[in-house]
Q: 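Have a look at this one.
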Amino acid sequence: MERLAPELIAELKEKKEPDKGLPPLNIKGRLVMRFAPNPNGPPTIGSSRGIIVNSEYTKKYGGKFIIRFDDTDPATKRPMLEAYDWYLDDCEWLGAKPDEVVIASDRILKYYEVARQLIEKGSAYVCFCEQEEFKALKDVKKACLHRDEEIGKNLESWKKMISGEFKEQEAVLRIKTDIAHKDPAIRDWVAFRIIKTPHPRHEVGGKYNVWPLLDFEGAVEDHLLGTTLIIRGKDLADSEIRQRYVYKYMDWKYPETMHWGRVQIHEFGKLSTSGLKKAISEGTYTGWDDPRLPTIRALRRRGIRSEALRKFMVELGLGETDISLSLDTLYAENRKIVDPVANRYFFVWAPVELEVEGAEPKVAKAPFHPSRGEMREIPVGTKVLICQSDVDNLKEGERLRLKDLYNIQVTGISPLTARFIGTDMDIVKKEKGRIIHWAPPDGQKVRVLSPDGEYSGIGERGLEKELDKVVQFERFGFVRIDSVRDDEVLAYFTHK
RNA sequence: GCUCCGAUAGUGUAGCACGGCCAAUCAUGUCAGACUCUCACUCUGACGACUGGGGUUCAAAUCCCCAUCGGAGCACCA
């Protein structure tokens, strides 16, 4: 068999190994993909899926990856100036540096040009209907009287729109589709509307009175950029049908498309950009990198590695199912990366002081990492701090181990008292005694910011040296040492 | 109301385009155990799913129909 049909054997083997992650692409010609956010807030975990998957594909197939800022709504979804750089910065951090960056608000004239051509072809018209008026007609598959206006008149109205002769709401430019299309969402959609609010970018400001809507801007851009494959949310599936009209009129070739479902994250639930913006300005959150937020900036600050996020997103694959996922998988991925390199430290939250009767001051030695030899040194007197949560579980007479220090026996609960009973580790093992961590009372003040609140306590001296690194606070979890202020170490919780 | 998607274990995913190899993959999770001077890591084992009903067929997770459930669009938002 092997001799007769080696290719069959190869095929069998291949089938045995299921295709993990992103499905293979079947594209002819060069792969050009784009990720097109509205920079009205910072990139979130959701955005990272788009960034990662697009860049992953273009890397794999030697294609081109473009970031396009769809910032054509200066009013309702007003762009945020800082967000442009945030996107670029987070892309780079994710290992998805774009080959090209395009800003839609720089290219309004190009859209005007296409609009003019469409009007000349009789494929677009200026409509003066009020919204409800048009909707009423549309719902019964009827055209409004503007639809049949002559081309010359339309061109003239279009010029007036652009030059600002009309008020907002007074006129729009519609693309002719099929007014009787069975899907009401397709019928003569709006391509441009009048917005007089200046754009936040100073390069643009009040230059334009007329702004394209996403379907039009995206349609033109994807052609201009030579996009060959679009991956977009299922919610934008109808866009394709609408945009295809423009492509047909202009005789362009529509890119291939794929869709994915909505992603919801258990830990964060439904949070809207605008809602977050408000909560931040009200002080509910400390900023866009507050550890409680689902932004990439927050994950970065918490010490999540980009490789972990990439892997996580790639393994989600591409499905049209709406998914609701838990960050546990991301954390597990990150833990695997971080655990072998993170130094260990003691951190005692909600500390309780304990005087150990009969103990001698000494310098405790504990390994930086259980699988490596280097030791850290912790000088300690006769008093130690231990966690309130450990104290709660103590019983009088209980013998336990202060990790890397010595053994003690609890002689009283309230007030808490204990005495030194030796240093022998073998006894602890034999008795299966509990081992708890501790900190010297004159240790380093530490504050940990985590998604479920703040922890204050005392850690070991030496944490300052771990600035910007992820360390493990034993029996607490992984943490990124963020900064040192007023002799207090500030850490961000990564995960357990 | 009209229209378009989708549905595999707690979660996510493989398999579905070409029906049999699927008593259904992998990861994560949970539980149990081993290892360990951490409730981390590692290792071992267990748990756990084809939404329902019809049909086609020798044979259906895979094809068809209906139902149910979920999501989305019908915006001068993206």
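Excluded from the calculations below are hydrogen atoms, water molecules and symmetry mates; all remaining heavy atoms, backbone and side chain alike, are included. As the structure is a computational prediction, the values presented were derived from the model and not from experiment. Here is how names work: the chains are called A, B, and so on, in the same order as the sequence lines, proteins then strands, and each is numbered from 1.
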Q: Please determine if a side-chain N or O atom of A:Arg187 lies less than 4.0 Å away from the OP1 or OP2 oxygen of B:C74.
A: no
Q: Tell me what A:Leu214 touches on the nucleic acid: a base, only sugar-phosphate, or nothing, going by heavy atoms under 4.0 Å.
A: base
Q: For A:Phe473, which contact category applies under a 4.0 Å heavy-atom criterion: base, sugar-phosphate, or nothing?
A: nothing
Q: Compare side-chain N and O positions of A:Thr72 against OP1 and OP2 of B:A78 and report whether any pair is under 4.0 Å apart.
A: yes
Q: Could you check whether the side chain of A:Arg262 and the base of B:A72 have a donor-acceptor pair of N or O atoms closer than 3.5 Å, going by distance alone?
A: no
Q: Passes side-chain contact (heavy atoms from CB on, under 4.5 Å), A:Arg372 versus A:Asn343? Steps please.
A: CA-CA 10 Å; A:Arg372 283 196 296 275; A:Asn343 281 157; 3.7 Å; yes
Q: Ignoring hydrogens and angles, state whether a donor on the side chain of A:Asn40 or A:Thr273 is under 3.5 Å from an acceptor on the partner side chain.
A: no
Q: Strictly below 4.0 Å: does A:Gln131 bring a side-chain N or O up to OP1 or OP2 of B:C76?
A: yes
Q: Find out whether the Lys NZ or Arg CZ of A:Arg174 is both under 6.0 angstrom from the six-membered ring centre of A:Phe192 and within 45° of the ring's axis.
A: no
Q: Among B:U38, B:G29, B:A75, which nucleotide sits nearest the side chain of A:Glu474?
A: B:U38
Q: When the C1' atoms of B:C35 and B:A24 are compared, how many Å lie between them, rounded to an integer?
A: 33 Å
Q: Check this for me, if you would: do A:Arg344 and A:Asp339 make a salt bridge, where the nitrogen-to-carboxylate-oxygen distance has to be below 4.0 angstrom?
A: yes
Q: Between A:Trp260 and A:Arg49, is there a cation-pi geometry (under 6.0 Å to ring centre, at most 45° from the normal)?
A: yes
Q: What's A:Ser324 touching, base or sugar-phosphate or nothing? Going by heavy atoms closer than 4.0 Å.
A: sugar-phosphate
Q: Figure out the NE2/P separation between A:His369 and B:C37, and round it to whole Å.
A: 14 Å
Q: Can you check the distance between B:A7 and B:G53, where both ends of the measurement are the C1' atom (answer in whole Å)?
A: 16 Å
Q: Ring centres under 6.0 Å, that's the criterion: do A:Tyr111 and A:Phe216 meet it?
A: no
Q: Would B:A61 be called syn or anti, given that syn covers angles within 90° of 0?
A: anti
Q: Would the base of B:U38 count as contacting A:Gln472 through its side chain, where contact means a donor and an acceptor less than 3.5 Å apart?
A: yes
Q: In whole angstroms, how far is the C1' atom of B:A27 from the CG atom of A:Leu22?
A: 15 Å
Q: A:Phe493 and ring-ring contact (aromatic ring centres under 6.0 Å, His included): which single residue from A:Phe347, A:Phe476, A:Phe478 fits?
A: A:Phe476
Q: In terms of side-chain heavy atoms of A:Lys234, which of B:G70, B:G73, B:U38 is nearest?
A: B:G70
Q: Looking at RNA chain B, which of residues 236-245 of chain A put a heavy atom within less than 4.0 Å of it?
A: A:Leu236, A:Asp238, A:Arg242
Q: Under 3.5 Å, is there a donor on one side chain and an acceptor on the other for A:Ser105 and A:Arg201?
A: yes
Q: Using the C1' atom on both, measure B:U57 against B:A46 and round to a whole Å.
A: 38 Å
Q: Between B:C22 and B:U13, how many Å separate the two C1' atoms, rounded to a whole number?
A: 16 Å
Q: Between B:A14 and B:A9, how far apart are the P atoms? Round to whole Å, please.
A: 13 Å
Q: Below the 4.0 Å mark, does B:U28 have OP1 or OP2 next to a side-chain nitrogen or oxygen of A:Lys336?
A: yes
Q: For a quick test of reading the model: is some side-chain N or O of A:Arg193 closer than 4.0 Å to OP1 or OP2 of B:C77?
A: yes
Q: Checking all strands, does A:Cys129 fall into the base, sugar-phosphate, or nothing category for heavy-atom contacts under 4.0 angstrom?
A: base
Q: By the 4.0 Å heavy-atom rule, please label A:Gln169 as base, sugar-phosphate, or nothing.
A: base
Q: Quick check for you: among B:A78, B:C74, B:A40, whose closest atom lies nearest to any side-chain atom of A:Pro184?
A: B:C74
Q: When you measure from the side-chain N and O atoms of A:Lys182 to the phosphate of B:C74, is any distance below 4.0 Å, counting only OP1 and OP2?
A: no
Q: With rounding to whole Å, what would you report as the distance between B:C64 and B:C18 at their P atoms?
A: 10 Å
Q: Checking contacts here: which listed nucleotide (B:C77, B:A40, B:U38) is nearest the side-chain heavy atoms of A:Phe478?
A: B:A40
Q: Base, sugar-phosphate, or nothing: which does A:Asp70 touch, judged by heavy atoms less than 4.0 Å apart?
A: sugar-phosphate
Q: Quick one: does any side-chain atom of A:Arg68 pair with a main-chain N or O of A:Ala36 as donor and acceptor, under 3.5 Å?
A: no
Q: May I ask you to check whether A:Trp349 and A:His437 place their ring centres under 6.0 Å from each other?
A: yes
Q: Considering every strand and a 4.0 Å limit on heavy-atom distances, what is the contact class for A:Val428: base, sugar-phosphate, or nothing?
A: nothing
Q: Contact class for A:Asn38 vs. all strands (heavy atom < 4.0 Å): base, sugar-phosphate, or nothing?
A: sugar-phosphate
Q: Determine: side-chain N/O of A:Lys429 to OP1/OP2 of B:C37, distance under 4.0 Å, yes or no.
A: yes
Q: Expressed as a whole number of Å, how far does the P atom of B:U11 sit from that of B:U30?
A: 15 Å
Q: Which nucleotide in the set B:C76, B:U28, B:U11 lies at the smallest distance from any side-chain heavy atom of A:Asp328?
A: B:U28
Q: So, is A:Lys403 close to the B:U36 phosphate, meaning a side-chain N or O under 4.0 Å from OP1 or OP2?
A: no
Q: For A:Arg401 and A:Asn407, does a side-chain donor sit closer than 3.5 Å to a side-chain acceptor?
A: yes
Q: Based on Watson-Crick and G-U pairs with both distances under 3.5 Å, what dot-bracket line describes RNA chain B 5' to 3', crossing pairs as [ ] and inter-strand pairs as |?
A: (((((((..(((.......[.....)))((((((.......))))))...(((((..]....))))))))))))....
Q: Measuring only the P atom in each nucleotide, how far is B:G45 from B:U25? A whole number of Å is fine.
A: 15 Å
Q: Could you check whether A:Tyr245 and A:Asp178, counting side-chain N and O atoms only, form a donor-acceptor pair closer than 3.5 Å?
A: no
Q: When you get a sec, tell me which of B:G73, B:C77, B:A40 is the closest nucleotide to the side chain of A:Pro370?
A: B:A40
